[in-house]
**Q** 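I'd like to ask you about the structure that follows.
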Amino acid sequence: MTEKTEVSPETNGHSGEYLLETRNLKMHFPIKAGVLQRTVGHVKAVDGVDLSVRRGETLGLVGESGCGKSTFARLVLRLLEPTEGEVIFDGEDILGYDRKRMLDVRRNMQIVFQDPYASLNPRMTVGNIVSEPLKTHDVGGSSSGERKRRVQELLEVVGLNPEHYNRYPHEFSGGQRQRIGVARAIALNPRLIICDEPVSALDVSIQAQVINLLQDLQKEFDLTYVFIAHDLSVVKHISDRVAVMYLGKIVEIADRAALYGEPRHPYTASLLSAIPVPDPQKERERQRVVLSGDVPSPANPPSGCHFHTRCPRAQDYCTEHEPGLDPQEKEGHRAACFFPVLEGQHIEEPATSTPYRAG
Amino acid sequence: MAMLEVNNLKTHFRTQDGVVKAVDGVSFSLEAGETMGIVGESGSGKSVTALSIMQLNPKPPAQYPEGEIIFEDQNLLETSDKRMQEIRGNDIAMIFQDPMTSLNPVFTVGNQIREAIRIHQNLSKSEAQEKTVEVLRDVGIANPERRAKEYPHQFSGGMRQRAMIAMGLSCNPKVLIADEPTTALDVTIQAQILELMVELQEKYGTAIVMITHDLGVVSQLADKVMVMYAGRAVEQATTDEVFYDPLMPYSWSLLRSLPRLDTAGEVRLLPIEGTPPSLIFLPEGCNFSPRCPFVKDECHEIDPSLEEKKPAHKAACILSVEEIEENKSRVDEELGVQT
């Protein structure tokens, strides 16, 4: 992977396989206590994440609440300063950039937020909301007339009536508001859009509209997505590759078909088995693996493999050693487990007594 | 005789802008040990139906211009507040969506469950305490003696929901109404809670009304399903009938708009165009007509009532079964979908 850093930014997106890479990215939030507000510990929200996002692909990022998905999104955009690690966008580490250079980078990376109610300023008209990025970056024409035309064009692209330019967010439904958020994100023709749970606040019949819109825009504008969600069906629908996070770490990453078809990490396997499928016949025949207990606190994660406290296959070895992502990938499929679920195995089947590889 | 029977229930709210017909003529019956799923989008009247059964809608602005809710030979819409208090929690219990806001943060969890037990059952303080620990153990909370002395903020989301279920089941109710009980929870925790509900249902023979927007949860748990749209029941049948042969265009479209784990990524999603109607300004004719893929001219004039299309399968649509089936294949063909 290291040779990819030499890609120069001038190549404008078509050489160099990866648009975004993170290396050993960490975010440890300090926990302060007492009168003197001394640091008594750290919440390891993101704890050493290496991810590479190819140009034009959609990388899905799934995990339960508190696993660090959203913190990861904020780190990539530098809305939070990471404790450690690198964020390489288009071949350059952007963590050292000053304000001015960061502004340039941000033109190319945008975000769509989860809550379409909280992420739009209620006192601004839709026109102002969507034209704000244009003003900040001074693009889309200098006169307000030119900008207005550009904004109306954008509203039309996302399926809203351009005449609603002067309306306020409260006049729109949840799905329409999310479209406004999408219009704002694509206003600057970015290359990367981070979608942080973009459909989870929407009704099912509206979800499909927004997902289809995101897919159409990706084709039309050649966008790269990092799609963060907890709903594995939605992620499966939209992603080319999928990464699974647990307690601040990536535990498995693979192509969509491989991850959903032959999950290797017991966590992925049990997540998949926990989702109810809208098909009563299949539901009756299914064997569900119900994990016991809750997700441990990221302030005090378990020793060894973080998942061993809930893992149906855990052995003594797992409590002492921490598995990294399998360095020997097989067609891009990597899992962080000493006793992975092998093809044809059931997840609750006892694993072989010797670890798959040393920790 | 049915355990709970709801006949032509109407719950209207008088507001400044007009009358909101949140529930407008809903009927169903529920047997002991049976689970009925109510599905629908937000604002379709699912929760108001539940709150009407519990008589928890604030009056005013809520009014019940028509209908009856029959539980053990009494119409809950006409019973006194005092009698209703005895029924609520004791015979009919409810679990709410958000376990954080439905537990009182300033009392211990044990205290709150004990209160519910003492109001409804004639037990001494120490007996109630014992029972509290017992129900907490029942719902799978480890160390129930210690946990009963803790406050809600010391519980995780899944444990709070377990505590809510423990409270709901502490008096062995005959009917349990679960309003989106797992929506706020992660999937692995959802699986635990749903498994727990099935276990307790088998143990106590409780009838469950399961309100959810998650069609997966319904297909896992429910024996029969009621689909709601804009305050009306638009389809009622067994779970299999609704999922495999929906006869109301709304249910059919809803099922088609879902990304599914088994087919996701291979097919393009088929969204339902438009948005649900405002309950104050309902469209002319059928409420679903502005969004319906099978719509014809008469749909904008005739308001269809829920009628039996097949034995034990009711749907609110003016099209005949044959016409609906024809339309399904026509739309599939137009979109090039293979079924």
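Lettering follows sequence order; numbering is per chain, from 1. Values below: every heavy atom of this structure, side chains too, minus hydrogens, waters and symmetry copies. Small disclaimer: the values here were computed from a predicted structure and weren't measured.
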**Q** Any side-chain to backbone donor/acceptor pair from A/Q209 onto B/G274? Under 3.5 Å, distance only.
**A** yes

**Q** Evaluate side-chain contact (heavy atoms from CB on, under 4.5 Å) for B/L269 paired with A/H237, printing each intermediate quantity in order.
**A** CA-CA 9 Å; B/L269 296 181; A/H237 184 82; 3.4 Å; yes

**Q** Which one of B/D240, B/V217, B/D214 has the most heavy-atom pairs closer than 4.5 Å to chain A?
**A** B/D240

**Q** Could you give the distance from CD (B/Q220) to CG (A/D279), rounded to the nearest 0.5 Å?
**A** 12.5 Å

**Q** If you draw a 6.0 Å radius around NZ in A/K44, do more than 12 non-hydrogen atoms from other residues or ligands fall strictly inside?
**A** no

**Q** Could you tell me whether the side chain of A/D203 and the main chain of B/S42 form a donor-acceptor pair under 3.5 Å?
**A** yes

**Q** Just by distance, do the side chain of A/N212 and the backbone of B/L270 share a donor-acceptor pair under 3.5 Å?
**A** no

**Q** With a 4.5 angstrom heavy-atom cut-off, which part of A/I211 approaches chain B: side chain, backbone, both or neither?
**A** side chain

**Q** For B/V218, is it the side chain, the backbone, both or neither that has a heavy atom under 4.5 Å from a heavy atom of chain A?
**A** neither

**Q** Mind checking the CG-NE2 spacing from B/D186 to A/H230? Nearest 0.5 Å is all I need.
**A** 7.5 Å

**Q** How close do A/S233 and B/P259 get, heavy atom to heavy atom, and via which atoms?
**A** CB-O, 3.3 Å

**Q** With a 4.5 Å heavy-atom cut-off, do B/R291 and A/S205 have their side chains touching?
**A** yes

**Q** Using non-hydrogen atoms only, which part of A/Q176 is less than 4.5 Å away from chain B: side chain, backbone, both, or neither?
**A** neither

**Q** Begin with the C-alpha distance, continue with both residues' side-chain angles, and end with the deciding distance and a verdict on side-chain contact (heavy atoms from CB on, under 4.5 Å) for A/Q281 and B/F243.
**A** CA-CA 10 Å; A/Q281 193 73 37; B/F243 278 82; over 6 Å; no

**Q** Got more than 12 heavy atoms from elsewhere within 6.0 Å of CD, A/E163?
**A** no

**Q** Measure A/V290 against the heavy atoms of chain B and call it side chain, backbone, both or neither at under 4.5 Å.
**A** side chain

**Q** Can you tell which part of A/S173 gets under 4.5 Å to a heavy atom of chain B, answering side chain, backbone, both or neither?
**A** side chain

**Q** Taking A/A208, A/P278, A/A257, A/S273 one by one, which has the highest count of heavy-atom pairs under 4.5 Å against chain B?
**A** A/P278

**Q** Does a side-chain heavy-atom distance below 4.5 Å link B/L258 with A/Q207?
**A** no

**Q** Heavy-atom pairs under 4.5 Å with chain B - which of A/I275, A/V277, A/D240, A/V289 has more of them than the others?
**A** A/V277

**Q** Could you measure the distance from the CZ atom of A/F172 to the OG1 atom of B/T275? Nearest 0.5 Å is fine.
**A** 11.5 Å

**Q** Rounded to the nearest 0.5 Å, how far does CZ of A/R288 lie from CD of B/E195?
**A** 8.5 Å

**Q** Please find the pair of heavy atoms, one from B/V187 and one from A/E64, that lie closest to each other, and give the distance.
**A** N-OE2, 4.5 Å

**Q** A/V204 vs B/L254, test: side-chain contact (heavy atoms from CB on, under 4.5 Å). Steps then yes/no.
**A** CA-CA 7 Å; A/V204 257; B/L254 195 62; 3.9 Å; yes

**Q** Verify whether one side chain among B/Q192 and A/S292 offers a donor that lies under 3.5 Å from an acceptor in the other.
**A** no

**Q** Could you look at B/Q190 and say if it's the side chain, the backbone, both or neither that has a heavy atom under 4.5 Å from chain A?
**A** side chain

**Q** In terms of heavy-atom pairs under 4.5 Å, which option from A/L291, A/V210, A/L271, A/V235 contacts chain B the most?
**A** A/L291

**Q** Which bit of B/Y250 comes within less than 4.5 Å of chain A, counting heavy atoms only: side chain, backbone, both or neither?
**A** neither

